[in-house]
Structures are given as C-alpha cells and as structure tokens.
Amino acid sequence: KKIVTIIQNPKQYRIPNWFLNRQKDVKDGKYSQCVSNGLDNKLREDMERLKKIRSHRGIRHYWGVRVRGQHTKTTGRNRGRMAVGSMKR
C-alpha cells in the first residue's frame with residue numbers, strides 16, 4: 001500500500017525527476033510517473049504524434065523497421081516469422 005502511494009505522489013517523497021518515467025511531457029512540460037494503462041496510452045499518443053508530424057522516428061515506426069540507429073542491412077530480415085534454418089529436424 002505504501003508503494004502505491006509513493007508511485008502516485010513521487011514529488012512528496014522527494015523522488016528525483018530523472019527517476020520518473022514521463023519526463024518533460026510534450027503537452028504540459030511536467031515530470032510525472034505513469035502506471036499501467038496510463039503509460040500505454042501515453043506511448044500510443046506519442047507514436048501517433050510522431051507519425052502525424054512525419055518525423056524520422058514516426059516514419060520508421062510506421063514502416064516497422066529499427067528506429068534507434070541500428071544497422072539493418074543484414075540483421076532483422078525475418079520480421080516476426082521463423083527462419084527456415086532454425087526448425088528442428
């Protein structure tokens with residue numbers, strides 16, 4: 001019960017801003033701690049915003065390719081389906 005109250009009000013318990021999972025929100029510029037469904041909603045809204053403004057990250061999310069600068073020439077060619085050589089015989 002005490003953990004839940006700390007998560008809901010991190011400022012009261014002097015939790016530093018760098019420890020929170022929602023830093024400098026785009027809409028209001030505040031630091032906050034989001035949990036479960038709220039966090040999922042915020043992430044989805046962020047992805048939709050990036051796609052809407054046609055940023056590089058948003059376009060790559062839309063295409064379903066690596067976003068954070070990883071090399072993609074040789075890795076990640078299967079995209080979710082199982083590779084042919086990895087099946088047991």
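The model shown is predicted, which means the values in this text are computed figures rather than measured ones. Only heavy atoms go into these numbers, but all of them, side chains included; no hydrogens, no water, no symmetry mates.
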| said: With rounding to the nearest 0.5 angstrom, report the CD to CG distance, Gln33 to Leu20. | reply: 5.5 Å
| said: More than 12 heavy atoms of other residues, nucleotides or ligands under 6.0 Å from CZ of Arg49: yes or no? | reply: yes
| remark: Output for pair (Ile3 CD1, Lys1 NZ), nearest 0.5 Å, gives 13.0 Å
| task | Taking all non-hydrogen atoms of both residues into account, name the closest pair between Gln70 and Arg66 and its distance. | result | OE1-CB, 3.5 Å
| Do you know which two heavy atoms are closest between Asn17 and Lys11, and how far apart they sit? | OD1-NZ, 2.7 Å
| query | Between the side chain of Arg77 and the main-chain N/O of Lys73, is any donor-acceptor distance below 3.5 Å? | reply | yes
| query | Given the rule in the side chain to side chain contact (heavy atoms under 4.5 Å, CB included) test, do Arg57 and Arg68 qualify, once you have shown the distances and angles that lead to the verdict? | reply | CA-CA 8 Å; Arg57 278 179 58 204; Arg68 296 186 175 183; over 6 Å; no
| message | Other residues, nucleotides and ligands only: do more than 12 of their heavy atoms fall within 6.0 Å of OH on Tyr13? | response | yes
| request: Decide whether Trp18 and Tyr31 are clustered together by the hydrophobic rule: side chain heavy atoms of Ile, Leu, Val, Met, Phe, Trp, Tyr closer than 4.5 Å, transitively. | output: yes
| field | Test item: Thr75 side-chain N/O and Thr72 main-chain N/O as donor-acceptor pair under 3.5 Å | value | no
| message | Nearest 0.5 Å, please: how far is CD in Gln12 from OG1 in Thr5? | response | 8.5 Å
| field | Interatomic spacing from OG in Ser55 to NE2 in His61 - rounded to 0.5 Å | value | 8.0 Å
| query | Would Ile59 and Lys51 count as a side chain to side chain contact (heavy atoms under 4.5 Å, CB included) if you check the C-alpha gap in whole Å, the side-chain angles of each, and the deciding distance to 0.1 Å? | reply | CA-CA 6 Å; Ile59 292 170; Lys51 290 176 191 175; over 6 Å; no
| task | Working to the nearest 0.5 Å, report the span between CG of Leu43 and CD of Glu45. | result | 9.5 Å
